[in-house]
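See below for the structure under consideration.
All chains are named by letter (A, B, ...) in the order of the sequence lines, taking the proteins before the strands, and each is independently numbered beginning at 1. Because only heavy atoms are used, hydrogens play no part in the values below, and waters and symmetry mates are left out as well, while side chains stay in. Bear in mind the structure is a predicted one, so any value in this text is a computation, not a measurement.
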Amino acid sequence: MTLRDALGWLLVGAAALYALVAVPAGGELTTMINGSIYASYAILALSLALIWGYAGILSFGQAAFFGLAGYVYAVAGLNLESTPLAAVIAVAAAAGFAALLGYFMFWGRISDVYLGVITLTVSLILYRFINQTAGEEWTIGAAPLGGFNGIPSTPILAPPGHPDEPFLPEQIYMLAVAALFACYVICKLAMATRFGRAVIAIRENEGRAELLGYDTRLYKLGIFTLGGAIAGVGGVLFANSVFVSPNMFSLQTNGQVIIWVIVGGLGTFAGPVIGCFLLMALSTGLGSLDAGPSFAVLDPNLVMGVVLTLCVLGLRQGLLPTALAFGGRLVAKARATRGRGAAELRRPAEERP
Amino acid sequence: MSLLTVSDLAAGYGQIGILRDVALTVDKGEILGVLGHNGMGKSTLLKALSGAIPATRGSIVFEGVDVAGEPPFRRARRGLGYVSQGRQIFPALTARENMEYAARAAGQPLEIVDDMIERFPRLTPILDRAGGVLSGGEQQILALARCLCGRPSLILLDEPTEGIQPSIRDEIVETLLRLRRSLGLSILLVEQNVKFMGDLADRVLHMEKGRLSADAALETASMA
């Protein structure tokens, strides 16, 4: 492990400690709920960071797996006794759907922008479909899909064997933050394996990887499915933080994830998470600046657009890689200055200017 | 029976046909050269044989199996190695990682990487350097070693002397001849460098406008 890696893990550990100990100690309920939402969105950002940043697969419809898992969780949770089982089913459903979609895309040799278009289309089809499910005929067992309104009665996770004792918002927050760090570690470990190294090489030169003997379709399917499962974890936690609604599949949600990844830094895991937290906090802050009845001072979406434009123009690599590069330059400069100072001291006194 | 038998092969890019009625054979341990000017279809021939582009007609029988309809990764696993023009080293992976990556794809033990380092001593000082920062000659040697990590029985070698210094060119010739002797390796070599071809090839074919001529002596097939 390099010094830079060790420092990275140290910072991530410190962030985990702060989020899991310091924030709950002094936080208000609103902070906890917002924190759960941000963490579930950050998991969604992490899933896109994995498949786009490391495998080069630009999914413009990553929210499809996020929303699907949310809905499956809500429906299964309302029909089954056990919400943990519903959560497992939901994540499996998101992973299975990603595997099915990925199979048709990768075996059909669809890539680049076409892949983005297909994934976005799938997400928007789900959005349109769920939007029109108002009415009693759209009820699965005890779960009404609720059309535009979603499922406000989405059940809250409860400990196994205690279905009548659902977690409190503070506990959901802890769970969401812990899940975020667990997903981060899974992504990092996955990329350090032989499978992960192969995925990175395929991103760099797919044709060459195939000519060396790799069935690139299988590797891409594997990473896309893992990305779907991680987005599904985010969807389940979002369903527990708010409730499920068609907005989980919307164009805005899909666009936001891409903005978080670009602003945070494509090709890193921590960057998109930081991007998500910063922009979500900015959006929430701007939305709460009230300048009169039902009138916000600034439209958060407009600000998001400006931030993205500035980032693309000024910080092409994103916040984290730019900060790391800047830090690297500072360290190099300090070393050079120290080196010159030491050389100076080694010179005899009479030769010094 | 020949290691590779190509008959009536046609291939190209989309609607544009490049190769027509190509037929050739490569025997075990043989080095077959294909000479030709730029744009005659030499690289396209190797791409079609490796599966990088599909054949629109004809058969490619490798070790008794027609692989013309197989994807590139299956042909590679059968032992059809390909070192393309431009080397295509993975720039972010180190030299060692580039070789390990190829060994794993072919299910070879990683000891084969050390074997290659022994065979190509020039790799030793650059093992931990990223592929993208290596010189052209170093990349060429790495591309060759990486291909050999898959233990191919036939290597398709596309203009290996392009842009490299004469000392490395000579090193490549010596190493390839040594590999042929020790491993019984066969090579289908595409080149414009007549001297390099003369040093290596047992037999030379001439390619013009997507067609191969009959076997020719090197002097008559030369670029002059």
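- In terms of heavy-atom pairs under 4.5 Å with chain A, the best-connected choice from B:Arg77, B:Arg78, B:Gln88 is B:Gln88.
- Residues of residues 61-75 of chain B having a heavy atom under 4.5 Å from any heavy atom of chain A, listed by number: B:Pro71, B:Pro72, B:Phe73.
- In terms of heavy-atom pairs under 4.5 Å with chain A, the best-connected choice from B:Pro152, B:Ala102, B:Ser84 is B:Ser84.
- For a heavy-atom cut-off of 4.5 Å, chain B lies close to A:Arg194, A:Arg197, A:Ala198, A:Ala201, A:Ile202, A:Glu204, A:Asn205, A:Arg208, A:Ala209, A:Glu210, A:Leu211 in residues 184-211 of chain A.
- Contacts between residues 212-220 of chain A and chain B, counted as heavy-atom pairs separated by less than 4.5 Å, involve A:Leu212, A:Gly213, A:Tyr214, A:Asp215, A:Arg217.
- Interface residue B:Pro91: backbone and side-chain heavy atoms are both found under 4.5 Å from chain A.
- Within a 6.0 Å radius of OH in B:Tyr13, more than 12 heavy atoms belonging to other residues, nucleotides or ligands are found.
- Residues of residues 316-330 of chain A never come closer than 4.5 Å to chain B when only heavy atoms are counted.
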